[in-house]
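Fair warning: this is a prediction, and the values are worked out from it, not measured in the lab.
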Amino acid sequence: MEVYDVFSTSQILYDEKTTANYYFLFCIVSAKAQQILPEIERARVIDEILADRFNTLLPNLMDEAGLDMWLVIAREYNEDPVIRTMLPATWLNARRRTMLLFYRDKSKNTIEKLAVARYNVGENIVSAWDPEKQPNQWKRLVELIEERNPSKIGLNFSKDHNIADGLVKTDYDEFLENLPNKHLNKVVSAEQLAVRWIETRTPREMVIYNQLVSITHGIIAEAFSEKVITPGVTTTTEVEWWMRQKVTDLGLETWFHPTVDVQRSSEKLVDHLYSFSGRPDDLVILPGDLLHCDFGITYLRLNTDCQELAYVLKPEEKQAPKFLVEGLKAGNKVQDFLTQNMIKGSTGNEILAKALKEAKAAGLQPSIYTHPLGFYGHSAGTTIGMWDAQGGVMTDDGKNYPLRPNTVYAIELNTTITIPEWNRDIRIMLEEAGFYGENGFRYVNGRQTELLLIPRVESHQGN
């Protein structure tokens, strides 16, 4: 993996003090790889970022959503997707029934972070329940609500945003049974706040994201090389498990099992699902194959999702065939049509329709299915198409939910191209992490513009 200085890019701008504070965490400790922090350091970084999100980000998000109280309630091993992003690094799950109460007093510019639990939830959320004084947890929650008398009480239920629908029916029913009638009309869905919490990235998280995507690219580059693949011997399944093992050896995690598939001259174009669930196992990789992978990892509670392409050189070949090189350029053009239409306030369906129209007008055969990326691989936010919904997504995240700044997306799409030399069509499938900020779109850590070659050409040896 190549060294990458996370502060060399002009696309991420911080003041000198902020940069100095972050720099020591992400220094390069090796000539070959970026530092992957040990568990104890990861915990410190996670908790520091969480404190920043609670104290700096959350008040603004609550104001935008028009909520002065947000309740997040979950039980052990049945966690609300939101609460999983709020627990300290040493909490891997909720404990018993965990109730979090956030109260925003805009007039005083304060935010309270309370737990109706026997103990503090890390250093950020303070316990507000003494069972010796009030044995009933629900009654204590009601006492806290009555003391603050909020105008609105947000709960995590939502028809269209799955990640914002984490409150289970039992807890919902018990909450309403215990809540005094005078507060019942204050209960509303917190879906907008929940989605904004999940989708919004802070500057410090984006520094980490740059490193995380770089690591992802590095693993793919090694997997799609002669270090891993011996044409005529190595199978696609072996490469998948090599990638999975590599992540484990680095002390990281994959959020889905990697896939590797082949397109070659002797086969017909099959259904889109082939690359993900219909491909054969243990297919031997041969010279002349176009390889494609889908791969993502998890680190410091963030996720990547990346698809790249490689070509297996035939004997005497020093570069990929021109028709494949041009095919990748066509895929890059579809990316450009998509990202240039990512404009603040546009809905996913609006962005999808414009991008597809412009790409088709340019003679391309595009399919776009871009999704939010962050705390979850398939995260919450603006959905820009699905592979089986190219006319638009009918749920709120596609129809109505607008593109907002400081959000990350898996720019996922493909274009079909005709290869006369192979007498068939193929799909150029690509996926890269992209950041949408106040100044527009940028790729988090670049994008693939050249095919990876297997083996790498050794020009000094004439082969």
Heavy-atom closest contact (Cys293 atom, Phe224 atom, distance): CB-CZ, 3.6 Å

Could you walk me through whether Ser367 and Tyr369 pass the side chain to side chain donor-acceptor pair (under 3.5 Å) test, one step at a time? CA-CA 7 Å; Ser367 179; Tyr369 33 97; 5.3 Å; no

Supply the atom-to-atom distance Glu191 CD to Asn162 CG, rounded to the nearest 0.5 angstrom. 11.5 Å

Given 3.5 Å as the limit, does a donor-acceptor pair link the side chain of Glu205 with the main chain of Thr202, or not? yes

Determine whether Thr298 and Asn303 satisfy the following criterion, side chain to side chain donor-acceptor pair (under 3.5 Å), listing intermediate values before the conclusion. CA-CA 5 Å; Thr298 303; Asn303 294 273; 2.5 Å; yes

If only atom types and distance count, is the side chain of Thr234 paired as donor or acceptor with the main-chain N or O of Ile229 below 3.5 Å? no

Tyr311 side, atom OH; Asp289 side, atom CG - distance, nearest 0.5 Å: 8.5 Å

Exercise: do Gln335 and Arg447 side chains pair donor with acceptor under 3.5 Å: yes

Would you say CG of Asn423 has more than 12 non-hydrogen atoms from neighbouring residues, nucleotides or ligands within 6.0 angstrom? no

Please report the C-alpha distance between Gln340 and Glu358 in whole Å, then the side-chain angles of each, then the deciding distance to 0.1 Å, and finally whether the side chain to side chain donor-acceptor pair (under 3.5 Å) criterion is met. CA-CA 11 Å; Gln340 71 191 19; Glu358 292 175 7; 3.1 Å; yes

Phe323 and Trp422: ring pair (Phe, Tyr, Trp, His ring centres under 6.0 Å), yes or no, with the steps? CA-CA 10 Å; Phe323 55 81; Trp422 286 4; 5.7 Å; yes

Fit a plane to each ring of Trp70 and Phe102, take the angle between them on a 0 to 90° scale, and name the class: parallel (under 30°), tilted (30 to 60°) or perpendicular (over 60°). tilted

Tell me, do Leu252 and Ile36 make a side-chain contact under 4.5 Å, heavy atoms counted? yes

Identify the residue among Val213, Leu302, Asp305, Ile411 that makes a side chain to side chain contact (heavy atoms under 4.5 Å, CB included) with Leu373. Asp305

Side chains of Thr418 and Asp425: donor-acceptor distance under 3.5 Å anywhere? yes

Is the side chain of Glu199 donor-acceptor paired with the backbone N or O of Pro372 at a distance under 3.5 Å, no angle test? no

Taken to the nearest 0.5 Å, the spacing of Ile125 CD1 from Leu100 CG works out to 4.5 Å

Donor-acceptor check, side chain of Asp47 to backbone of Ala89, threshold 3.5 angstrom: yes or no? yes

Are the side chain of Glu238 and the backbone N or O of Thr235 linked by a donor-acceptor pair below 3.5 Å? yes

Ignoring hydrogens and geometry, is there a side-chain-to-backbone donor-acceptor pair from His371 to Gly377 under 3.5 Å? yes

Any side-chain to backbone donor/acceptor pair from Glu76 onto Arg97? Under 3.5 Å, distance only. no

On the ring face of Phe375, is Arg201 found with NZ or CZ under 6.0 Å from the centre and within 45° of the axis? yes

Would you call Glu326 and Lys322 a salt bridge, using N to O less than 4.0 angstrom? no

Is a side-chain donor or acceptor of Tyr409 paired with a backbone partner of Thr383 at a separation under 3.5 angstrom? no

With the threshold set at 4.0 Å, does a side-chain nitrogen-carboxylate oxygen contact exist between Glu222 and Lys227? no

